[in-house]
Amino acid sequence: ICFNRTSGKWQATWLDNMSAFLSVYEGGYEDGQMVVYGEETYGGQKFKVRNSTYDVTDNSFKWKAEMSVDGGNTWMKNMDGLYTRKK
């Protein structure tokens with residue numbers, strides 16, 4: 001995650017083995033969480049993406065990915081995780 005001085009927004013990227021491109025999301029802080037949004041196409045269907053980072057400590061943070069197929073009216077969680085510092 002990095003801050004884009006030109007747009008004034010935070011940006012995050014995502015790359016995995018399900019897609020053949022690099023995803024870029026933008027957003028900022030909402031209710032104490034870093035939340036970034038984007039749009040994807042998979043299997044010919046477009047959907048919105050929302051990724052949230054929260055409960056950040058010196059040694060860990062939680063993260064969740066959600067998707068919406070109705071323009072952001074409802075969100076479905078499709079991934080979540082707990083990242084911890086390796087000792």
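Residues that satisfy the salt bridge (charged side-chain N to carboxylate O under 4.0 Å, His left out) test with Lys77, not counting sequence neighbours, are Asp80. Remark: Lys46 pairs with Glu39, Thr41 by the side-chain contact (heavy atoms from CB on, under 4.5 Å) rule, at least two apart or across chains. Residues that satisfy the side-chain hydrogen bond (donor to acceptor under 3.5 Å, both in side chains) test with Asn59, not counting sequence neighbours, are Arg85. Residues passing the side-chain contact (heavy atoms from CB on, under 4.5 Å) test with Met67, sequence neighbours excluded: Phe47, Val69, Met76, Asn78. Remark: Gln33 pairs with no residue by the side-chain hydrogen bond (donor to acceptor under 3.5 Å, both in side chains) rule, at least two apart or across chains.
The shortest heavy-atom contact between Glu40 and Ser23 is OE2-OG, 2.6 Å. Lys48 approaches Gly72 most closely through the heavy-atom pair CD-N, 4.1 Å. A pairwise comparison of heavy atoms in Ser68 and Asn73 identifies OG-N, 3.8 Å as the closest pair.
Placement of Leu82 and Val56 in two distinct hydrophobic clusters is found when ILVMFWY residues are connected by side-chain heavy-atom separations under 4.5 Å, directly or transitively. The hydrophobic cluster containing Tyr42 also contains Met79, counting ILVMFWY residues as joined when their side-chain heavy atoms lie under 4.5 angstrom apart, directly or transitively. Cluster membership check: Tyr54 does not share its hydrophobic cluster with Tyr83, using side-chain heavy-atom separations under 4.5 Å among Ile, Leu, Val, Met, Phe, Trp and Tyr.
The 12-atom threshold is exceeded at CG of Asp70, counting heavy atoms of other residues, nucleotides or ligands nearer than 6.0 Å.
Using a 30° and 60° split on the angle between ring planes, Trp63 and Trp14 fall in the parallel class, below 30°.
Residue Val35 is found in a hydrophobic cluster whose other members, listed by chain and number, are Tyr37, Trp75; membership requires side-chain heavy atoms under 4.5 Å apart, directly or through intermediates.
Put simply, the side chain of Val36 does not reach to within 4.5 Å of the side chain of Glu26, judged on heavy atoms.
Separation of atoms OG1 (Thr53) and NZ (Lys62) is listed at 12.5 Å; rounding is to 0.5 Å. Note that CZ of Phe61 is 11.5 Å distant from CG of Asp55, once rounded to the nearest 0.5 Å.
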